[in-house]
Amino acid sequence: MTSSFEPSFSMSGLRPPLASADAPSVADSLPSINFGFEDLRNRMAQFTAKFDAFIERGRKQVLEERNQFRINMAELQEDQRMKQRDIEILDLKSQTHSQTLQKEAAESAEMHAAISSIAIEHDSRLAKRDRLKQQIAETQRAINQKLEAQKAHAQHLDAQARLNVPELEFWQDYLCLRIEGAGREDRLKFVYTHLLEKDWETEAWFELGTTSRDYEVFHTRPKLGRDAVERELNILNEDRDFGAFLKRMRKLFVKEMK
């Protein structure tokens with residue numbers, strides 16, 4: 001944040017009377033000051049490039065992993081559905097077989113040999129059904145393991161995102177700015193402070209959408225003119241200078257609040 005220096009008295013009051021016109025002035029003895037604007041501009045450009053690359057990589061990675069997860073889940077659900085259908089068919093056949101056994105037992109004792117043979121087949125099918133149930137249980141365990149793996153990976157991505165916090169501290173110090181989540185994975189909230197000299201705690205913020213390559217501003221507080229915001233977004237989407245965009249947005253808020 002910049003501040004102006006307004007002397008309360010004239011510099012001429014500090015200059016003693018000179019014996020001659022060739023005597024050195026106080027201004028000649030002041031040290032030269034190098035504000036390092038070129039270095040600051042380079043750091044801002046580097047941060048903007050890293051920020052854009054980070055957002056693009058994160059978005060691509062999240063989309064790819066989400067699509068792969070959906071494909072895996074669909075395959076597992078299809079396998080489970082097929083096995084469930086096999087069990088239903090097997091149950092139906094078992095019921096039909098039981099009815100056949102009862103009818104044959106009532107008709108004739110001569111069918112005992114055939115009933116014994118059918119009973120053996122029935123036991124075999126029961127064993128097959130048990131094996132199918134075991135396979136379903138194993139499939140369910142595999143699904144749970146994949147879900148846990150996906151959850152662990154999501155936590156890993158979240159931890160990686162936190163590594164970028166030190167780089168954001170530069171913006172917090174230079175523009176009195178902090179960056180927060182906006183309640184959605186495709187939006188960031190930028191909050192400014194120290195906007196008014198009489199009240200440093202007053203805040204102003206805007207939400208920035210990062211879904212596509214072109215940035216969007218969805219909400220501001222206090223409310224800014226839409227034309228002014230669109231003008232700044234057009235400049236940002238063209239030159240990709242994110243640091244300059246943050247400074248211009250701060251100026252819009254200061255102008256609006258004054």
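Sequential numbering from 1 along the given sequence is applied to the chain's residues.
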Discussion item. Side chain to side chain contact (heavy atoms under 4.5 Å, CB included), that's the test. Do Leu76 and Gln80 meet it? Break it down for me.
Written reply: CA-CA 6 Å; Leu76 292 173; Gln80 187 174 9; over 6 Å; no

Fill in: Distance-only polar pair, side chains of Asn72 and Gln68, donor-acceptor under 3.5 Å
yes

Discussion item. Side chains of Glu256 and Thr220, heavy atoms from C-beta outward: is any pair under 4.5 Å?
Written reply: no

Worksheet item: Hey, does His219 have a side-chain heavy atom less than 4.5 Å from the side chain of Lys189?
Response: no

Practice prompt. Answer whether the closest heavy-atom distance between the side chains of Tyr192 and Cys176 falls below 4.5 Å.
Written response: no

Item to complete: Tell me, please, which residues at least two apart from Gln77 pass side chain to side chain contact (heavy atoms under 4.5 Å, CB included).
Response: Met73

Worksheet item: Out of curiosity, Asp52 CG to Leu236 CG, how far, rounded to the nearest 0.5 Å?
Response: 7.5 Å

Discussion item. Checking Glu88 against Arg85 for the salt bridge (Lys or Arg N to Asp or Glu O under 4.0 Å) test, could you report, in this order, the C-alpha distance in whole Å, the side-chain angles of both residues, the deciding distance, and whether it holds?
Written reply: CA-CA 5 Å; Glu88 293 174 354; Arg85 188 175 64 178; over 6 Å; no

Item to complete: Mind checking the CZ-CD1 spacing from Arg141 to Ile136? Nearest 0.5 Å is all I need.
Response: 12.0 Å

Practice prompt. Enter the distance from Phe190:CZ to Arg178:CZ here, rounded to the nearest 0.5 Å.
Written response: 12.5 Å

Discussion item. Going by the rule ring-ring contact (aromatic ring centres under 6.0 Å, His included), which residues pair with Phe245 if we only count those two or more places apart in sequence or in a different chain?
Written reply: Phe206, Phe242

Discussion item. Would you say that Tyr215 contacts Asn237 through its side chain, given a criterion of any heavy-atom pair below 4.5 Å between the two side chains?
Written reply: yes

Worksheet item: Any chance CD of Glu138 has more than 12 other-residue heavy atoms, nucleotides or ligands included, within less than 6.0 Å?
Response: yes

Worksheet item: Could you give all pairs that pass the salt bridge (charged side-chain N to carboxylate O under 4.0 Å, His left out) test and reach residues 221-230, with sequence neighbours left out?
Response: Arg226-Glu230

Item to complete: Decide whether Met249 and Leu196 are clustered together by the hydrophobic rule: side chain heavy atoms of Ile, Leu, Val, Met, Phe, Trp, Tyr closer than 4.5 Å, transitively.
Response: yes

Item to complete: Only counting residues at least two apart or in another chain, list the ones meeting salt bridge (charged side-chain N to carboxylate O under 4.0 Å, His left out) with Arg187.
Response: Glu207

Practice prompt. Could you tell me the separation between the CG atom of Leu246 and the CD atom of Glu232, rounded to the nearest 0.5 Å?
Written response: 11.0 Å

Discussion item. With a 4.5 Å cut-off on side-chain heavy atoms, are Leu63 and Arg66 touching?
Written reply: yes

Fill in: Connected via hydrophobic side-chain network under 4.5 Å: Val191 and Phe51
no

Item to complete: Kindly state each residue pair satisfying side-chain hydrogen bond (donor to acceptor under 3.5 Å, both in side chains) with at least one member in residues 110-123, sequence neighbours excluded.
Response: Glu121-Arg125

Worksheet item: Mind checking whether Val217 and Met257 sit in one hydrophobic cluster, side chains of I, L, V, M, F, W, Y counted as touching below 4.5 Å?
Response: yes

Discussion item. Would you say Leu252 ends up clustered with Val254 if hydrophobic residues are merged whenever their side chains have heavy atoms under 4.5 Å apart, either directly or through other cluster members?
Written reply: yes

Worksheet item: Do NZ/NE/NH1/NH2 and the carboxylate oxygens of Arg59 and Asp186 come within less than 4.0 Å?
Response: no

Worksheet item: Glu78: what forms a side-chain hydrogen bond (donor to acceptor under 3.5 Å, both in side chains) with it, not counting sequence neighbours?
Response: Arg81

Worksheet entry | Exam field: side chain Thr48 to backbone Gly243, donor-acceptor pair closer than 3.5 Å | yes

Item to complete: Report the distance from atom CD1 of Ile143 to atom CD of Glu75, rounding to the nearest 0.5 Å.
Response: 11.5 Å

Practice prompt. Provide the closest heavy-atom pair for Asp241 versus Ala244 in the form atom of the first, atom of the second, distance.
Written response: OD1-N, 3.3 Å

Worksheet item: Is the side chain of Ser94 donor-acceptor paired with the backbone N or O of Leu90 at a distance under 3.5 Å, no angle test?
Response: no

Worksheet, complete the sentence: Value for CG (Leu175) from NE2 (His194), rounded to nearest 0.5 Å, stands at 12.5 Å

Fill in: Residue pair Arg231 / Arg248, side-chain heavy-atom distance below 4.5 Å
no

Fill in: Under 3.5 Å donor-acceptor, Thr100 side chain and Thr96 backbone
yes

Item to complete: Could you check if a side-chain atom of Thr211 sits within less than 4.5 angstrom of a side-chain atom of Glu216, using non-hydrogen atoms only?
Response: no

Discussion item. Is the shortest side-chain heavy-atom distance between Leu195 and Arg250 below 4.5 Å?
Written reply: yes

Discussion item. For residues Phe253 and Leu177: do they belong to one hydrophobic cluster (side chain heavy atoms under 4.5 Å, members Ile, Leu, Val, Met, Phe, Trp, Tyr)?
Written reply: yes

